[in-house]
4 protein chains.
Amino acid sequence: MKTKDIILATAKEMISEVGFHKATTANLAKMANISEGTIYRHFESKEDILLHILDALEESFSYYIEAIRQKLDRDDCSIEEIMNEYFSFVEDNEIDMKIMLSTYGLLDSSKRLMAVFLKNLELVLEDCIKLGVKKGTIRDVAVEENATVVMTIIFGLTRMQLYWPDRRDVRAEAVEFCRRSILN
Amino acid sequence: MKTKDIILATAKEMISEVGFHKATTANLAKMANISEGTIYRHFESKEDILLHILDALEESFSYYIEAIRQKLDRDDCSIEEIMNEYFSFVEDNEIDMKIMLSTYGLLDSSKRLMAVFLKNLELVLEDCIKLGVKKGTIRDVAVEENATVVMTIIFGLTRMQLYWPDRRDVRAEAVEFCRRSILN
Amino acid sequence: MKTKDIILATAKEMISEVGFHKATTANLAKMANISEGTIYRHFESKEDILLHILDALEESFSYYIEAIRQKLDRDDCSIEEIMNEYFSFVEDNEIDMKIMLSTYGLLDSSKRLMAVFLKNLELVLEDCIKLGVKKGTIRDVAVEENATVVMTIIFGLTRMQLYWPDRRDVRAEAVEFCRRSILN
Amino acid sequence: MKTKDIILATAKEMISEVGFHKATTANLAKMANISEGTIYRHFESKEDILLHILDALEESFSYYIEAIRQKLDRDDCSIEEIMNEYFSFVEDNEIDMKIMLSTYGLLDSSKRLMAVFLKNLELVLEDCIKLGVKKGTIRDVAVEENATVVMTIIFGLTRMQLYWPDRRDVRAEAVEFCRRSILN
DNA sequence: GATGAATGAGTCTTCATTCAT
DNA sequence: GATGAATGAAGACTCATTCAT
């Protein structure tokens, strides 16, 4: 494992656990078993580390969205699929997601990325609902508003899952909840 | 207005706007038109200020819960009422809510208070659903799981509302969404 | 003596002796018997200290120039007087002058101030020579060019005096040198 | 061009442009298209590079002085010749001269070399004036003091020329100025 | 000879907290 | 109660130098 990746991995762990501010360069260096100076050989600044983490997450997310889009194009995608795949995505990117959520307000990039998440999730849900309404599998509800509601539910659920892992996992019930509400 | 309240009010504004870390005691003193030393005559530490803010919020929340409970006792409370009243509560305590949400992860007290919010909201929803099921106004769904789902929706929605005020307000649609899902 | 003045005085001494770079905030604090933090209560940055020193020097210089100008207005000023008074000025502001000369190249303000010195000295010499030529006490030489030459001599001499105090003091001979060259 | 010479040439350029402190080994390596480690294969330290530059300048200067000395021995040298040849010397060694002048105060070697410049210039001027006085071409002035004055003028002029290249060039007028003052 | 990653001491700066007045 | 100057520990970052390859 390259030093840069060690730094990145250690930083991910630290930031997700104690937050960006308490993840100091001194602690990071100690935990990664490198010197503080080495951090700056691989990253321009402490913020730059965060940027790299967020960039990687953005790329991962774009793949998820791309996969959903392809299914939508093949007319082969349901709300529950979007939800479940997103739940999987979050599980696979747990640490990065926590970092994005916890650095919102600290960094423009973080806020921007979160907007990308919200917008894209909303758009695929819109398209999916539109399709469902046309096919008759989904009730004739206001498309945009309901897409936003479902997006909000998804987002709220994953946040709960990430930050309160001890709580009852209701993702499956949430899917059912949505099905009952908008499926014919 | 007493000095202590001036400090509290100024701190609220600053913390909700720039976050706990960037709200320095120096800035706080300047904005409150007092000296830095005075802060420490009224509070033990910077963290202590936050604690006071959270305590006040907890008290406000307890009134809200109490009101709901009384309605429940009179058998006079619906899911939408709980939701709408909570939305009102959040609107009335916008700044404090933002502070709680943004200091989660920084302070144990903050996390504890949030657990109080989640738990209480969940409990009243549970009772409300139980009652509804008994009365036949609500479908025969798993009570606890659905209470958790609705709670998650409510919580996700208010966070969205607080942090993305520019986004479409879908609180009314969300209420409808829930009604369709669990009402008979 | 106020803390700010203690810092300023200590900084002057240190910078003039070891240079701006080696005059670290840690050393400054130690030598001034204060903590490093105190420096930043009185100055915005290390550079800001230097700026204060240069500003004070600029003000002192403006008084010197003003005095010369008044003499010129009264038609009561000779080249040797300008030279001797400037030598006195430099002696009185020895440390500050050394700082200006040694921070040239580090700071725009320093370069700017030096330009002020050169220009003003040059201008009063020009006026003085012009007057002398008119009165017939000075030979009919190119005014501007000779003013520049004399200014350069003065400036070179004072630098030598400041940085090589062990060298033979030839300020008096330099005055004579100039008199022989341009006086009738 | 050998690696050592590339380093030397690049260092000269950098140091004269941005100063010794801002000319970091990292930048130097980058600009010279070598690795940082290579610098230390050819020089003991960053300071050592400066030493080499100064040594080379000292050697060049010794040739200039040697040439003047030979003319003096042939009784074939005037003050203006010494001045003009020195001006040429400085023009030919502009960068090195700037480095010496700007590192004075940073390095003992630099100060020592400057003393060599001053002393040698002074000595040849002394001998030249002595000769002139004997031959009757120069007035009967105090030899040593006037040598020092002329040396100071020369040194001040070249510094001005190097650091304020935009200023009016008065080297020719300065020569005239000196001629008027001490020539018969 | 050359590389370039790694080092760690040192730099400026910030900020919650204390205390004499 | 109030002040505000002083503190000092800790923060992010820099850079000359080393060393295994």
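Below, chain A is the first sequence line, B the second, and so on; all start at residue 1.
Nearest to the side-chain atoms of C/T3 among the listed nucleotides E/dT13, F/dA5, E/dA6 stands F/dA5. Of the listed nucleotides (E/dT3, F/dC13, E/dA5), E/dT3 has the atom at the smallest distance from the side chain of D/I34.
Taking 4.0 angstrom as the limit, A/H21 places none of its side-chain polar atoms (N or O) nearer than this to OP1 or OP2 of F/dG11. Residue B/T25 places at least one side-chain N or O under 4.0 Å from the OP1 or OP2 atom of E/dA16. Within the 4.0 Å cut-off from OP1 or OP2 of F/dA5, at least one side-chain nitrogen or oxygen of C/R41 is found. Distances shorter than 4.0 Å separate some side-chain N or O of B/Y40 from OP1 or OP2 on E/dT17. Note on B/S35: a side-chain N or O is less than 4.0 Å away from OP1 or OP2 of F/dT3. Put simply, B/T38 has a side-chain N or O that comes within less than 4.0 Å of OP1 or OP2 on F/dT3.
Using a 3.5 Å distance cut-off with no hydrogens or angles, the side chains of A/T24 and A/N27 do pair a donor with an acceptor. Counting only N and O atoms by type, the side chains of D/Y40 and D/E44 include no donor and acceptor under 3.5 Å apart.
Across all strands, A/I39 comes closer than 4.0 Å to no nucleic acid atom at all (heavy-atom distances). Residue A/T24 is in sugar-phosphate contact alone, with no base atom involved, counting any heavy-atom pair closer than 4.0 Å across all strands shown.
Annotation: cation-pi pair D/K46/D/F20 present, NZ/CZ under 6.0 Å from the ring centroid and within 45° of its normal.
Here C/F155 and D/W164 keep their ring centres 6.0 angstrom or further from each other.
Rounded to an integer number of Å, the gap from C/H42 NE2 to F/dT7 P is 9 Å. For the pair A/E44 CD and F/dC15 P, the computed distance is 14 Å after rounding to whole Å. Distance D/K30 NZ to E/dA5 P: 12 Å, rounded to the nearest Å.
More than 12 heavy atoms of other shown residues, nucleotides or ligands fall within 6.0 angstrom of atom CG in D/D5. Counting non-hydrogen atoms of other residues, nucleotides and ligands closer than 6.0 Å to CD of C/E36 gives a total above 12.
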Inset, instruction - Could you summarise the pairing of DNA chain E as dot-bracket text, marking Watson-Crick and G-U pairs under 3.5 Å with ( ) or [ ] inside the strand and | across strands? - result: .||||||||||||||||||||

